[in-house]
Amino acid sequence: KQEVTQIPAALSVPEGENLVLNCSFTDSAIYNLQWFRQDPGKGLTSLLLIQSSQREQTSGRLNASLDKSSGRSTLYIAASQPGDSATYLCAVGPDKLIFGTGTRLQVFP
Amino acid sequence: DTGVSQNPRHKITKRGQNVTFRCDPISEHNRLYWYRQTLGQGPEFLTYFQNEAQLEKSRLLSDRFSAERPKGSFSTLEIQRTEQGDSAMYLCASSLPGGAVYGYTFGSGTRLTVV
């Protein structure tokens, strides 16, 4: 049974810092891994999607990497801003997504 | 296309009442998923459809829960005889047939509170 773990559970940093959020999964037979952002009381916004054949994806200040063999993915956020404050969730596919419990990020001015 | 739409946004109901939620997916997406999220947890899979066919149901979906997708367009999720443990955010997502390739788009969710 696939299990997804995210570390740390919570993170509080000053504005401008570069951050790394971690996601690990127990079964390496995944089709893809997707990172989402969730603001309090809201739905999920897709950030990055990495196919199993890919090693990384980039969008603006975000970079996500995938190492299937070791069952790990990292989300790198460069030059963090207060607007980045949210919960970040990773999920593995295919079909039904299996989610981690998220990393709650707070970036203070 | 305005994305995945869910209604209502919030629902407060008394224990024992029935509730129904609606999800309108992105029009060209033929796959539709329902998830449930409790406070501090990641979303948990409930069920998914390809067109009008319900392809998989989680064990979390007790016999008080039923989902439909008539004509392969919008979907409804009904909870009968609600219990306090049903209080959660109910999320809907949709994807193209190769969801694993294109990813998933989520709606804003329906927050259910059972009092």
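Letters A, B, ... mirror the listed sequences (proteins, then strands); counts begin at 1.
The closest side-chain heavy-atom distance from B:E44 to A:F99 is not below 4.5 Å.
Side chain of B:Y35 to main chain of A:L97: a donor-acceptor pair is present (N/O by atom type, distance under 3.5 Å, no hydrogens or angles).
By the 6.0 Å contact criterion, CG on B:L60 is enclosed, its count of non-hydrogen atoms from other residues, nucleotides or ligands being greater than 12. The number of heavy-atom neighbours closer than 6.0 Å to CZ of B:R64, taken from other residues, nucleotides and ligands shown, is above 12.
Within the 4.5 angstrom heavy-atom criterion, no atom of B:Q50 approaches chain A. Residue B:Q37 touches chain A through its side chain alone, counting heavy-atom pairs closer than 4.5 Å. With a 4.5 Å cut-off on non-hydrogen atoms, A:Q6 does not touch chain B at all. Only the side chain of A:L89 comes within less than 4.5 Å of a heavy atom in chain B; its backbone stays farther off.
By the rule that hydrophobic residues join a cluster once side-chain heavy atoms approach within less than 4.5 Å of another member, B:Y33 and B:L112 end up as members of separate clusters. Criterion: ILVMFWY side-chain heavy atoms under 4.5 Å apart, direct or through other members. Under it, B:F49 and B:L46 are part of a common hydrophobic cluster. The hydrophobic clustering, which links ILVMFWY residues whose side-chain heavy atoms are closer than 4.5 Å, places A:L33 and A:L48 together. In the hydrophobic cluster analysis, where Ile, Leu, Val, Met, Phe, Trp and Tyr join through side-chain heavy atoms closer than 4.5 angstrom, A:Y31 is grouped apart from A:V92. At a threshold of 4.5 Å between side-chain heavy atoms, the hydrophobic network of Ile, Leu, Val, Met, Phe, Trp and Tyr places A:L21 and A:L62 in one connected group.
With chain A as the partner, the residue from B:S108, B:P43, B:S58, B:G40 showing the most heavy-atom pairs under 4.5 Å is B:P43.
If you take NZ on A:K96 and OH on B:Y104, they are separated by 11.5 Å, rounding to the nearest 0.5 Å. Atoms CE and NZ, from B:M89 and A:K42 in turn, are 8.5 Å apart once rounded to the nearest 0.5 Å.
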